[in-house]
Number of protein chains: 2
Amino acid sequence: MLPNISQTEENYLKAIFNICEKEEKSAGTNDISNEMQTSAASVTDMLKRLSEKKLINYAKYKGVTLTKKGSEVATQLIRKHRLWETFLVEKLQFSWDKVHDIAEQLEHIKAPELVEKLDDFLGNPKFDPHGDPIPDADGKFTYRKQIQLSDAKVGEWGVVVGVQEDSEKFLQYLDKQGLVLGTRIEIIEKFSYDDSIQILLNGEKELVLSDKVSRNLFIQRKNN
Amino acid sequence: MLPNISQTEENYLKAIFNICEKEEKSAGTNDISNEMQTSAASVTDMLKRLSEKKLINYAKYKGVTLTKKGSEVATQLIRKHRLWETFLVEKLQFSWDKVHDIAEQLEHIKAPELVEKLDDFLGNPKFDPHGDPIPDADGKFTYRKQIQLSDAKVGEWGVVVGVQEDSEKFLQYLDKQGLVLGTRIEIIEKFSYDDSIQILLNGEKELVLSDKVSRNLFIQRKNN
DNA sequence: ATAAATTTTTAGACTAATCTAAAAATAATA
DNA sequence: TATTATTTTTAGATTAGTCTAAAAATTTAT
Ligand SMILES: [Mn+2]
Ligand SMILES: [Mn+2]
Ligand SMILES: [Mn+2]
Ligand SMILES: [Mn+2]
């Protein structure tokens with residue numbers, strides 16, 4: 001069925017998936033070269049190969065999109081990545097800011113039975129340590145209604161359910177401020193001067209978050 | 001300190017380690033080509049590269065041995081391989097005949113902290129599911145006095161502690177016969193005709209094992 | 001000690017993945 | 001629409017890892 005797919009090819013597929021996901025568009029050569037940190041020329045080479053393998057839809061000078069096959073591969077990679085991150089945090093006691101790079105390696109292990117056993121061992125989690133949904137064996141993502149904290153209005157409150165970024169720096173900042181998943185947040189005030197936002201943390205501590213932070217935090221709005 | 005070592009280079013180092021270990025000699029080009037399933041020409045190429053990186057002692061037409069550095073790398077790989085095999089069996093409920101190939105992939109994950117956390121999570125095991133010793137973080141192997149079942153004498157008894165081979169076929173055969181690690185074995189009779197051996201299993205069941213099987217089984221001799 | 005057999009290395013070529021520099025196509029602007 | 005700027009592709013090289021066929025070195029046997 002599927003041709004053999006190298007680790008490098010897998011990474012390109014994931015990059016294309018992310019770009020198409022985030023920007024809701026087809027991925028351009030430069031977008032990919034940017035995401036992969038390789039030259040545009042290398043990307044063009046790779047696009048030809050992926051196209052040959054029917055993993056992407058490619059026509060010169062037009063952007064690319066994933067085929068059904070390509071999309072399945074990318075989704076399985078994301079599934080593995082997030083399951084391993086969950087394992088590292090839940091079972092091996094890693095902190096959430098240290099697991100991404102290790103999962104980048106683990107996601108390439110090819111052993112379908114391993115993935116399913118790992119999933120069971122972890123209790124079939126629906127979200128990873130950063131609040132990102134873990135697709136199931138069929139590639140289905142659990143959908144959750146969430147907004148960026150920056151879009152919440154004064155007086156509203158909600159619970160932190162995810163982060164947009166998983167850089168070590170950002171996650172460590174959140175740890176320091178006690179902004180872990182599950183934290184209750186109430187919006188006290190918003191300052192249009194610099195788009196910073198003042199919040200109340202678990203009804204206890206008030207603090208001000210920068211625009212950048214509040215755009216990278218997902219909350220689930222609670223009414224009343 | 002260490003140069004970057006590719007997955008392929010790691011596999012060569014492990015192959016050389018195994019050959020030198022088993023045969024107690026330096027490894028020849030053909031030995032390695034045999035173990036790695038690559039041509040002798042490819043091996044020569046690789047030996048030059050490994051030598052350049054000071055991982056092996058190499059002189060044209062002489063065999064090769066691992067340097068201190070090379071030996072350390074190989075030992076860490078074996079440590080990772082056996083820890084992962086233990087994880088797969090103990091935590092994910094894989095049977096012992098299915099874990100080797102997956103561990104061949106997992107052993108290449110580069111994340112020192114992961115290895116130590118995995119070790120702790122597993123309770124710092126000293127032996128893997130096949131009875132092979134797991135080197136500690138410093139590369140020390142636990143030594144255990146063991147003999148091949150084929151070397152035991154009539155009337156002696158012992159306990160199965162390991163296997164020489166981890167092929168799926170052999171391990172499945174052992175499962176079928178109830179010859180798992182920890183089984184008590186008493187030698188009833190030895191047939192010089194074909195070097196087969198008749199044993200009593202856990203004081204319950206008698207059976208005859210071929211020469212090939214008895215040479216691939218390690219027991220710890222018990223006196224009394 | 002020669003000759004024959006075996007082992008090992010060299011020569012030359014191929015593929016995947018990468019690069020830089022230059023050319024071509026497309027998009028934006030005047 | 002013509003010019004300019006940006007994006008993308010091509011051309012030509014490089015490196016790691018592999019191969020086959022042939023040459024060279026070493027070992028074994030006569
Ligand atoms: Mn991640
Ligand atoms: Mn994540
Ligand atoms: Mn193994
Ligand atoms: Mn083992």
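The sequence lines fix the lettering, A, B, ..., with proteins before strands; numbering per chain opens at 1. Just so we're clear, the structure is a prediction, and the values are computed from it rather than from any experiment.
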Could you state the [atom1]-[atom2] distance from [X] to [N], rounded to the nearest angstrom?
{"X": "A:N30", "N": "D:dA5", "atom1": "CG", "atom2": "P", "value": "17 Å"}
{"X": "B:Y61", "N": "D:dA25", "atom1": "OH", "atom2": "P", "value": "6 Å"}
{"X": "B:I32", "N": "D:dG17", "atom1": "CD1", "atom2": "P", "value": "15 Å"}
{"X": "A:K25", "N": "D:dT7", "atom1": "NZ", "atom2": "P", "value": "10 Å"}
{"X": "A:N11", "N": "C:dA16", "atom1": "CG", "atom2": "P", "value": "17 Å"}
{"X": "B:D31", "N": "C:dT6", "atom1": "CG", "atom2": "P", "value": "16 Å"}
{"X": "A:I5", "N": "C:dA16", "atom1": "CD1", "atom2": "C1'", "value": "15 Å"}

DNA chain D-proximal residues of residues 43-59 of chain A, any heavy atom under 4.0 Å: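 Nucleic-acid contacts, sorted: A:T44, A:K48, A:Y58.
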Test: A:K53 and A:E9 ion pair at under 4.0 Å: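 Judged by the 4.0 Å cut-off on N to carboxylate O distance, A:K53 and A:E9 do form a salt bridge.
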Considering every strand and a 4.0 Å limit on heavy-atom distances, what is the contact class for [X]: base, sugar-phosphate, or nothing?
{"X": "A:S39", "value": "base"}
{"X": "A:S42", "value": "base"}
{"X": "A:T38", "value": "sugar-phosphate"}

Heavy atoms from other residues, nucleotides or ligands near CD of A:E52 exceed 12 (cutoff 6.0 Å):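 Check fails, neighbour count at 12 or below.
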Enclosure of B:D194 CG (heavy-atom neighbours >12, cutoff 6.0 Å):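 Atom CG in B:D194 is crowded, with more than 12 foreign heavy atoms closer than 6.0 Å.
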Side chains of A:K14 and A:V73 in contact at under 4.5 Å (non-hydrogen atoms):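 They are not in side-chain contact.
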B:Y12 side chain near B:L47 side chain, heavy-atom distance below 4.5 Å: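 No - every pair of side-chain heavy atoms lies 4.5 Å or more apart.
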A:S6 or A:K60, whichever maps to the more 5' nucleotide of DNA chain C: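 Its nearest nucleotide being more 5', the pick is A:S6.
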Earlier contact from the 5' end, DNA chain C, for A:E9 and B:G28: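 Between the two, 5'-proximity favours B:G28.
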Minimum-distance nucleotide (side-chain atoms of A:A41 versus D:dA21, D:dT9, D:dT10):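 So the side chain of A:A41 is nearest to D:dT10.
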B:D132, B:L181, B:I134, B:T142 screened by side-chain contact (heavy atoms from CB on, under 4.5 Å) with B:F127, the one that passes: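 The single option meeting the side-chain contact (heavy atoms from CB on, under 4.5 Å) with B:F127 is B:T142.
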B:F121 and B:F87 aromatic ring geometry - parallel, tilted or perpendicular at 30°/60° bounds: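 Ring orientation of B:F87 relative to B:F121: tilted.
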